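Input: a single structure, listed below in structure tokens.
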2 protein chains.
Amino acid sequence: MNDNKQSREIDTERRILEASAKVFMMKGKLGASMQDIADEAGINRTLLHYYFRNKDKLFDTVFEKVFARLIPAMVSIMTSDQPFQERLEQFVEAYSDMLLENPYLPVFVFQEISLNPHRIAETLKEQGFSPKKTFKKFRSELEEAGMDDMDPRHLFASLLGMVIFPYIGRPLFQTIAFQDDAKAYDAFLDERKKQIPQLLKLAFIGASVQKQ
Amino acid sequence: MNDNKQSREIDTERRILEASAKVFMMKGKLGASMQDIADEAGINRTLLHYYFRNKDKLFDTVFEKVFARLIPAMVSIMTSDQPFQERLEQFVEAYSDMLLENPYLPVFVFQEISLNPHRIAETLKEQGFSPKKTFKKFRSELEEAGMDDMDPRHLFASLLGMVIFPYIGRPLFQTIAFQDDAKAYDAFLDERKKQIPQLLKLAFIGASVQKQ
DNA sequence: ATATTGTTTAACAAATAAGTCAAACTAAAA
DNA sequence: TTTTAGTTTGACTTATTTGTTAAACAATAT
């Protein structure tokens, strides 16, 4: 082993964080024991305490890192200056890909913010994300794009819901609508990347028709 | 006290189940201790064991009862023979009202089925809900109604997502889009009862336009 | 009245997991 | 080489929580 202490430290810390994220997401904060995490990381349990004093501190660190994965796509759809239809497609694509790699993320995050709602404001600040400003910009850009008759907050809630639900509700939905065929469900998830923007596009067309 | 033992029993059991549902939903299966539940029900902790042997058995009973609240609206939109637009409105209305009264339900259910995906098939059977049949009926009815170009599974996933997301993601979304104004968010939730069917209606219009 | 069944409680035992501590180990610095 | 700082580990303590047991209590039936 030709590691110096510093690289050893960094490596161990990274391994702990990766293992923690994985185990916390799969088992939940309370379902995951420090031993589980240590095993996943291939280290001694006490080492977790050495690096992160206690379970809460470890969890907080992990939560922020995991939560951060939700931000980039959100920022991009709210601030990019491309045509709306394209932003929409990019957003759905980016979010879907992220969820495909982190299927347990939404349940994990929503569970935690449900138990601990005050955490959100803090975490968002920590991530350097300014909700008020960003959302205002989104709103005004939408108006400029001539979608002023569709409340951006409803639009955004619908969009997020449509994207996220199939991941959150997978076990349920795969059972009732796909007879538990996992492969078919994967294909379904992929199709949604096109279906969701398409549905919204049709709604825009419908709206413009009704306007006249 | 003029209760006989039988009515006492029923009352106690009902109180336990109500308290359990509340505490489990708010704190999660692992976050809720038997003591928490006993306190909420105003009884001795050992009594819980007397009525439901152990925590797992109690939880299973509660989960089935809570999960059952998801079924009726789902069945009605899939089997009713009213015009589709009306079914849609009724579904959104029914689901929204149920969620308003059970705001913690979706996170609770999704967390549990995420940890325990095999439970779903069993629970659905327990509830006398036959996914395959019901969904097939939904599909064919949709086709008859002339919406054959919109995959019913995508439609249903979108619908559920749009309805449920604002409840699951409330702490997050209320913060970023409503500056934490709870009253405004309640109004928003109410608006969605109309917004969601409206969006889908517009999409149908858009689809019919594009068809030509 | 008392015996029996069912209900409720307090006290105890066992298991699990978090967190602490001191000792062992490693690698670079003096 | 030895010292020093940093890293890793095993053993221990403590706290929490589940589940059990036996006894007390209540209400009805004999």
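Naming convention: chains lettered A, B, ... in sequence-line order (proteins, then strands); numbering from 1 in each chain. As the structure is a computational prediction, the values presented were derived from the model and not from experiment.
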Review item, side-chain donor-acceptor pairs of residues 99-112 of chain B, under 3.5 Å, at least two apart:
{"from": "B:N102", "atom 1": "OD1", "to": "B:R69", "atom 2": "NH1", "distance (Å)": "2.6"}
{"from": "B:N102", "atom 1": "ND2", "to": "B:M98", "atom 2": "O", "distance (Å)": "2.8"}
{"from": "B:E112", "atom 1": "OE2", "to": "B:N116", "atom 2": "ND2", "distance (Å)": "3.2"}
{"from": "B:E112", "atom 1": "OE2", "to": "B:R119", "atom 2": "NE", "distance (Å)": "3.1"}
{"from": "B:E112", "atom 1": "OE2", "to": "B:R119", "atom 2": "NH2", "distance (Å)": "2.9"}

What residues form a side-chain hydrogen bond (donor to acceptor under 3.5 Å, both in side chains) with [X], not counting sequence neighbours?
X: A:Q179; result: none
X: A:S140; result: none
X: B:K132; result: none

Please give, in whole Å, the distance from [N] [atom2] to [X] [atom1]?
X: B:N44; N: C:dA11; atom1: CG; atom2: P; answer: 11 Å
X: B:F52; N: C:dT7; atom1: CZ; atom2: P; answer: 13 Å
X: B:L48; N: C:dA10; atom1: CG; atom2: P; answer: 14 Å
X: A:D11; N: D:dT7; atom1: CG; atom2: C1'; answer: 13 Å
X: B:E13; N: C:dT8; atom1: CD; atom2: P; answer: 11 Å
X: B:I16; N: C:dT7; atom1: CD1; atom2: P; answer: 11 Å

Review point. Residues in salt bridge (Lys or Arg N to Asp or Glu O under 4.0 Å) with A:D151, at least two apart?
Key: A:R153
Sub-3.5 Å pairs of nitrogen or oxygen atoms, protein against nucleotides 17-19 of chain D:
{"from": "D:dT18", "atom 1": "OP1", "to": "B:M34", "atom 2": "N", "distance (Å)": "3.2"}
{"from": "D:dT18", "atom 1": "OP1", "to": "B:K55", "atom 2": "NZ", "distance (Å)": "3.3"}
{"from": "D:dT18", "atom 1": "OP2", "to": "B:M34", "atom 2": "N", "distance (Å)": "3.2"}
{"from": "D:dG19", "atom 1": "OP2", "to": "B:K55", "atom 2": "N", "distance (Å)": "2.9"}
{"from": "D:dG19", "atom 1": "N7", "to": "B:R45", "atom 2": "NH1", "distance (Å)": "3.0"}
{"from": "D:dG19", "atom 1": "O6", "to": "B:R45", "atom 2": "NH2", "distance (Å)": "2.6"}

Review point. Any side-chain heavy atom of A:L199 sitting closer than 4.5 Å to one from B:H154?
Key: no
Review point. Side-chain N or O of B:Y50 less than 4.0 angstrom from OP1 or OP2 on C:dT8?
Key: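 Indeed not, no polar side-chain atom of B:Y50 lies that close.
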